[in-house]
Amino acid sequence: AAELAGLKVLSLVSDGLAGGLNYATSREFPNVSNGSKPEYNLVFDMGAGSTKATIMKFQSRSVKDIGKYNKTVQEVQVLGAGWDRTLGGDALNYLILDDMVSQFVESKGAQKISVTAEDIKAHGRAVAKLSNQVEKLRHVLSANQNTGASFEGLYEDIDFKYKITRTRFEEMAEEHAERITVVVNDALKMANLDIIDIDSIILNGGATRTPFVQKVLEKLAGSPQKPKL
């Protein structure tokens, strides 16, 4: 793309650094030329397909400008990163989809014809109907304690009403919550920092709106000098 545009690429910018640069555009940071300590912030990015945590150092510095004048420049440096290539909104959606299938198989109508979970998952039309509602249900659970959906003639003309609570969803996602901790700790280890060194956690990506994701981050930052989220 750069070659077609006639541009020379000097370096590649990661998702985390891009988020950090955007954060820095409207802010000023401690001036290390005056002996101030830099800020250390964590960009936590959880999108549809993956999760990334990036530790960055933010600071300003006085440099010589034209003539006798000095100017202050803002500096952003990546110190460490952690990632999980398969943890994201899609993985959370699959949890709800599996729960839908499980509840349908246990329903009275499904038991009469002895249908199995494998039968439902192999039925393209039924899976498509369920998948069409999954993400909407997850988003509703971010603001409500419970939700549900109705499906007419889901499989073999059997109607199905699905219900789920936020508590149930968070129980299903316990292993995913542990994976969030691993991503953050990997970034901290690479940066040779501890969570108490982090001034703030910057959220990026749609899946960070999920309540249990923010709970995990708040728990990680639960020291007396915890960073703001």
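We count residues from 1, following the sequence as given.
For Asp15, the side chain to side chain contact (heavy atoms under 4.5 Å, CB included) partners two or more places apart in sequence, or in a different chain, are Asp45, Lys52. Annotation: ring-ring contact (aromatic ring centres under 6.0 Å, His included) contacts of Tyr155 (sequence neighbours excluded): His123. Applying the side chain to side chain contact (heavy atoms under 4.5 Å, CB included) rule to Val76 yields the partners Leu17, Leu21, Ala24, Met56, Phe58; only residues at least two apart in sequence or on another chain are considered. The side chain to side chain contact (heavy atoms under 4.5 Å, CB included) check on Gln74 picks up Glu28, Phe29, Ser60, Thr72, with sequence neighbours excluded. Checked against ring-ring contact (aromatic ring centres under 6.0 Å, His included), Phe104 has the following partners two or more places apart in sequence or in another chain: Phe160.
Remark: the Asp84 side chain and the Ser50 side chain contain no N/O donor-acceptor pair separated by less than 3.5 Å. Side-chain contact of Asn41 with Ser200: a donor-acceptor pair under 3.5 Å is present, judged by distance alone. Under 3.5 Å, the side chains of Thr147 and Asn144 contain no donor-acceptor pair of N or O atoms.
Listed here is the closest heavy atom pair of Val9 and Ala2: CG2-CB, 3.4 Å. The minimum heavy-atom distance linking Ala207 with Gly47 is given by the pair CB-O, 3.7 Å. Between Trp83 and Ala81, the shortest heavy-atom contact is CZ3-O, 3.7 Å.
Proximity of Glu174 to Phe212: side-chain heavy atoms (C-beta onward) are nowhere separated by under 4.5 Å. Contact annotation: the side chain of Lys219 never approaches that of Val216 to less than 4.5 Å [non-hydrogen atoms, C-beta and beyond]. Using a 4.5 Å heavy-atom cutoff, the side chains of Met172 and Ile164 are in contact. Counting heavy atoms from C-beta outward, His176 and Leu87 have side chains that approach closer than 4.5 Å. Looking at Val184 and Leu220, their side chains come closer than 4.5 Å, going by heavy atoms from C-beta outward. Between Met46 and Phe44, the closest side-chain pair of non-hydrogen atoms falls below 4.5 Å. Put simply, the side chain of Val183 does not reach to within 4.5 Å of the side chain of Asn185, judged on heavy atoms. Put simply, the side chain of Leu92 reaches to within 4.5 Å of the side chain of Thr210, judged on heavy atoms.
Note on Val105: it clusters hydrophobically with Leu97, by side-chain heavy-atom contacts below 4.5 Å among ILVMFWY residues. Under a hydrophobic clustering in which Ile, Leu, Val, Met, Phe, Trp and Tyr are joined whenever their side-chain heavy atoms come within less than 4.5 Å, directly or via other members, Tyr69 and Val73 fall into different clusters. By the criterion of side-chain heavy atoms lying less than 4.5 angstrom apart, applied directly or through intervening Ile, Leu, Val, Met, Phe, Trp or Tyr residues, Val32 is not grouped with Val63; the two fall into different hydrophobic clusters.
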Apply the test side chain to side chain contact (heavy atoms under 4.5 Å, CB included) to residues Lys121 and Asp98: give CA-CA distance (whole Å), side-chain angles for both, the deciding distance (0.1 Å), then the verdict. CA-CA 9 Å; Lys121 292 181 178 180; Asp98 287 342; 3.2 Å; yes
Is there a side chain to side chain contact (heavy atoms under 4.5 Å, CB included) between Ile55 and Leu193 once you walk through the steps? CA-CA 9 Å; Ile55 308 292; Leu193 295 172; 3.8 Å; yes
Report the C-alpha separation of Ser102 and Asp99 in whole Å, then their side-chain angles, then the decisive distance to 0.1 Å, and conclude whether the side chain to side chain donor-acceptor pair (under 3.5 Å) test is met. CA-CA 5 Å; Ser102 178; Asp99 190 54; 5.2 Å; no
Using the rule given for side chain to side chain donor-acceptor pair (under 3.5 Å), can you reason through Thr51 versus Arg85, listing the C-alpha separation, both sets of side-chain angles and the distance that settles it, and then say yes or no? CA-CA 7 Å; Thr51 296; Arg85 298 183 186 277; over 6 Å; no
What do the steps show when you test Val43 against Leu203 for side chain to side chain contact (heavy atoms under 4.5 Å, CB included), and what is the final call? CA-CA 6 Å; Val43 173; Leu203 300 182; over 6 Å; no
Full working for side chain to side chain contact (heavy atoms under 4.5 Å, CB included) between Arg179 and Thr86: CA-CA 10 Å; Arg179 290 165 67 181; Thr86 60; 2.8 Å; yes
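A donor-acceptor contact shorter than 3.5 Å links the side chain of Gln111 to the backbone of Glu106. Remark: side-chain polar atoms of Gln59 are not paired, donor with acceptor, to backbone N or O of Glu39 under 3.5 angstrom. Of the possible donor and acceptor atoms, none in the side chain of Asn70 sits under 3.5 Å from a partner among the backbone N and O of Ser62. Side chain of Asp194 to backbone of Ile196: a donor-acceptor contact under 3.5 angstrom is found.
To the nearest 0.5 angstrom, Leu42 atom CG is 7.5 Å from Thr54 atom OG1. Interatomic distance, CG of Leu79 versus CG of Leu188, reported as 10.5 Å (0.5 Å rounding). Interatomic distance, Asn22 CG to Arg27 CZ, rounded to the nearest 0.5 Å: 8.5 Å. Rounded to the nearest 0.5 angstrom, Ile158 CD1 and Lys112 NZ are separated by 9.0 Å. Within the model, atoms NZ of Lys37 and CG of Asn31 stand 15.5 Å from one another, a figure rounded to the nearest 0.5 Å. Note: Ser150 OG to Lys163 NZ = 9.0 Å, rounded to the nearest 0.5 Å.
Counting non-hydrogen atoms of neighbouring residues, nucleotides and ligands closer than 6.0 angstrom, the CG atom of Asn192 reaches no more than 12 such neighbours.
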Could you list the donor-acceptor pairs under 3.5 angstrom formed by side chains in residues 125-142, with sequence neighbours left out?
unit_1 : atom_1 : unit_2 : atom_2 : d
Lys129 : NZ     : Glu152 : O      : 2.9
Lys129 : NZ     : Gly153 : O      : 3.4
Ser131 : OG     : Val127 : O      : 2.8
Arg138 : NE     : Asn93  : OD1    : 2.6
Ser142 : OG     : Arg138 : O      : 3.4

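Using a cutoff of 4.0 Å between basic side-chain nitrogens and carboxylate oxygens, Glu75 and Lys57 are not scored as salt-bridged.
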